[in-house]
Trainee: 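Handing you this structure, nothing more for now.
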Amino acid sequence: MDKLGILLINKPVGITSFDIIRRLRRITNIKQIGHAGTLDPFAEGLMQILVGKATKFAQYLTNYDKSYQVTMQFGIKTDTGDTSGEIIKESMIEDLIIDPILLKEQVEALTEQVPPIYSAIKVNGQRAYKLARKKADIAMKARPIKVRDFLLIDYSFPFLTYKCKVSKGTYIRSLTEQIADMYSTIATTIKLDRLSVSDSQLSDAVNLDDLTAENWFDYLLPVDRFIEWPVIQLNQAEVDDFWYGREIKLPKQADAELVIVKHNQETKGIGRLVNSVLQPKKVFK
């Protein structure tokens with residue numbers, strides 16, 4: 001069995017992403033644990049937790065679309081864009097007339113957004129949220145985004161609930177504010193639930209409280225379930241060469257920029273295939 005893999009965790013409200021990692025380190029007795037995308041403390045839902053040398057795949061797992069169910073409240077604006085922040089503006093507004101079809105068209109037509117200042121984006125070498133806490137003047141730059149499959153779920157003024165699938169780098173707190181802008185008003189995200197990451201679904205996730213030192217390994221999933229790369233199986237002699245960084249000539253193979261290298265179902269590293277030659281890129285010893 002692989003000594004590395006991915007746990008799909010259903011994060012509860014009220015704890016940080018690092019709280020999840022800290023607790024899993026105690027359960028698994030493994031220090032090398034990371035994630036493929038954080039969730040804010042007020043948010044809940046699916047997190048991909050990388051165990052052992054699966055952390056080496058982190059950079060390849062953050063580019064996928066994610067889907068969410070979100071509840072927003074019109075008429076208030078907080079400094080963080082969610083309920084964890086301080087209300088900085090309130091607006092007395094009447095019930096809004098919202099056409100679900102028109103809203104879908106407008107949201108899916110968005111091509112960029114300005115990230116919230118309370119985010120982990122680096123500004124002049126520092127995390128934006130750290131600068132925001134110091135009340136520093138921060139100029140966040142707009143970034144390209146893509147919103148797909150937007151659907152209005154429920155609207156009972158001043159609350160609106162929607163689902164959407166978004167590209168990497170899209171901030172839901174900012175998307176809520178962009179929706180409010182369409183109606184010339186303000187809003188804040190009050191509930192956020194991540195439903196999926198690529199093909200991984202929240203329904204496949206395990207609750208943190210259900211994991212124990214005895215059963216956690218039963219929930220560990222292979223990395224190649226989440227990354228659509230070719231898998232190359234090596235024999236022991238080839239693995240030895242691979243570990244020493246040597247190129248390995250294989251039977252005819254299609255070129256591939258990245259492949260997962262295995263031996264006896266255990267992941268040994270990441271390689272590249274050129275002219276049927278396997279070139280080591282990352283070696284797991």
Side-chain angles (χ1 to χ4, degrees), residues 8-13 17 35-48 61-78 80-85 93 95-121 140-205 226:
L8 299 180
I9 301 295
N10 183 4
K11 176 194 172 297
V13 172
S17 298
H35 58 73
T38 63
L39 279 173
D40 294 325
F42 90 100
E44 60 186 319
L46 179 64
M47 284 190 66
Q48 293 180 332
L61 288 164
T62 57
N63 295 324
Y64 295 110
D65 287 355
K66 300 176 177 66
S67 67
Y68 299 88
Q69 180 161 314
V70 188
T71 299
M72 57 187 280
Q73 180 178 350
F74 288 109
I76 61 171
K77 182 179 179 67
T78 67
T80 60
D82 58 52
T83 54
S84 68
I93 57 175
D95 193 351
L96 300 167
I97 298 174
I98 296 180
D99 182 331
I101 296 177
L102 178 59
L103 178 58
K104 174 182 174 67
E105 292 174 350
Q106 290 176 310
V107 173
E108 293 185 354
L110 293 170
T111 59
E112 64 178 20
Q113 73 173 192
V114 177
I117 59 173
Y118 281 90
S119 64
I121 294 173
M140 304 295 286
K141 296 180 180 180
R143 307 198 307 178
I145 63 165
K146 180 65 178 177
V147 183
R148 305 174 178 87
D149 302 333
F150 183 90
L151 179 66
L152 193 156
I153 301 297
D154 182 68
Y155 175 53
S156 179
F157 183 81
F159 305 105
L160 184 149
T161 299
Y162 63 88
K163 284 184 180 180
C164 63
K165 180 183 288 186
V166 298
S167 60
K168 173 190 176 182
T170 304
Y171 284 86
I172 297 298
R173 289 171 290 152
S174 292
L175 181 59
T176 285
E177 294 179 347
Q178 288 177 284
I179 292 172
D181 286 341
M182 295 172 185
Y183 298 94
S184 301
T185 186
I186 55 177
T188 288
T189 298
I190 63 171
K191 192 174 188 302
L192 175 62
D193 194 358
R194 184 187 285 161
L195 305 177
S196 71
V197 179
S198 184
D199 294 331
S200 304
Q201 304 296 320
L202 179 58
S203 57
D204 298 324
F226 303 90

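Just so we're clear, the structure is a prediction, and the values are computed from it rather than from any experiment.
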Trainee: Does any N or O in the side chain of R148 come within less than 3.5 Å of the main-chain N or O of K165, such that one atom is a donor and the other an acceptor?
Mentor: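 Between the backbone of K165 and the side chain of R148 there is no qualifying donor-acceptor contact (under 3.5 Å).
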Trainee: With a 3.5 Å distance limit and no angle check, can you tell me whether S167 reaches the backbone of K146 through a side-chain donor-acceptor pair?
Mentor: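 It does hold such a pair.
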Trainee: Ignoring hydrogens and geometry, is there a side-chain-to-backbone donor-acceptor pair from K11 to D40 under 3.5 Å?
Mentor: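 Checking the backbone N and O of D40 against the side chain of K11, a donor-acceptor pair under 3.5 Å is found.
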Trainee: For the residue pair M72 and I179, what are the closest heavy atoms and their distance?
Mentor: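 Distance-wise, the nearest heavy atoms are CE-CG2, 3.9 Å.
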Trainee: For Y162, check ring-ring contact (aromatic ring centres under 6.0 Å, His included) against everything at least two apart and list the hits.
Mentor: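 Checked Y162 against ring-ring contact (aromatic ring centres under 6.0 Å, His included); matches are F150.
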Trainee: Atom CD1 of residue position I101 - does it have more than 12 heavy atoms of other residues, nucleotides or ligands inside 6.0 Å?
Mentor: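 Not buried by this count: 12 neighbours or fewer within 6.0 Å.
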Trainee: Is there any salt bridge (Lys or Arg N to Asp or Glu O under 4.0 Å) pair reaching into residues 98-112, and which pairs are they, with sequence neighbours excluded?
Mentor: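 Residue pairs passing salt bridge (Lys or Arg N to Asp or Glu O under 4.0 Å), neighbours aside: K104-E108.
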Trainee: Which atom names give the shortest non-hydrogen contact between R173 and T80, and what distance separates them?
Mentor: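 What the structure gives for the nearest pair is NH1-O, 2.9 Å.
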Trainee: Stepwise, does the side-chain hydrogen bond (donor to acceptor under 3.5 Å, both in side chains) test hold for T38 with S17?
Mentor: CA-CA 6 Å; T38 63; S17 298; 4.6 Å; no
Trainee: Keeping the roles fixed (side chain from Q113, backbone from Y171), state whether a donor-acceptor pair exists under 3.5 Å.
Mentor: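 Flag set: sc Q113 to bb Y171 pair under 3.5 Å.
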Trainee: For the pair T189 (side chain) and T176 (backbone), establish whether a donor and an acceptor sit closer than 3.5 Å, ignoring hydrogens and angles.
Mentor: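 Side chain of T189 to backbone of T176, a donor-acceptor pair under 3.5 Å: no, none is there.
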Trainee: What are the two closest non-hydrogen atoms of S196 and Q201, and how far apart are they?
Mentor: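 In terms of heavy atoms, the two residues are closest at CB-OE1, 3.7 Å.
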Trainee: Looking only at atom types and distance, does a side-chain atom of S84 sit under 3.5 Å from a main-chain N or O of F42, one as donor and one as acceptor?
Mentor: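 It does not hold such a pair.
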Trainee: Give the minimum heavy-atom separation between A187 and E177, together with the two atoms involved.
Mentor: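 The answer is O-CG, 3.7 Å.
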Trainee: Counting only heavy atoms not in D199 (residues, nucleotides, ligands), do more than 12 fall under 6.0 Å from its CG?
Mentor: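 Not buried by this count: 12 neighbours or fewer within 6.0 Å.
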Trainee: Parallel, tilted or perpendicular: which fits the ring planes of F74 and F157, with parallel below 30° and perpendicular above 60°?
Mentor: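 F74 and F157: parallel rings.
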Trainee: Looking at every non-hydrogen atom in both residues, tell me the closest pair between L39 and A43 and how far apart they are.
Mentor: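 Closest approach of L39 to A43, heavy atoms only: CD2-CB, 4.2 Å.
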Trainee: Is it the case that the side chain of Y68 and the backbone of G45 share a donor-acceptor pair, with hydrogens and angles ignored and the cut-off at 3.5 Å?
Mentor: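 Not at all, since once roles are kept as given, no pair shorter than 3.5 Å links the two residues.
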Trainee: Give me the atom names and distance for the closest heavy-atom approach of Q106 to Y183.
Mentor: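 Shortest heavy-atom separation between Q106 and Y183 comes out as OE1-OH, 4.4 Å.
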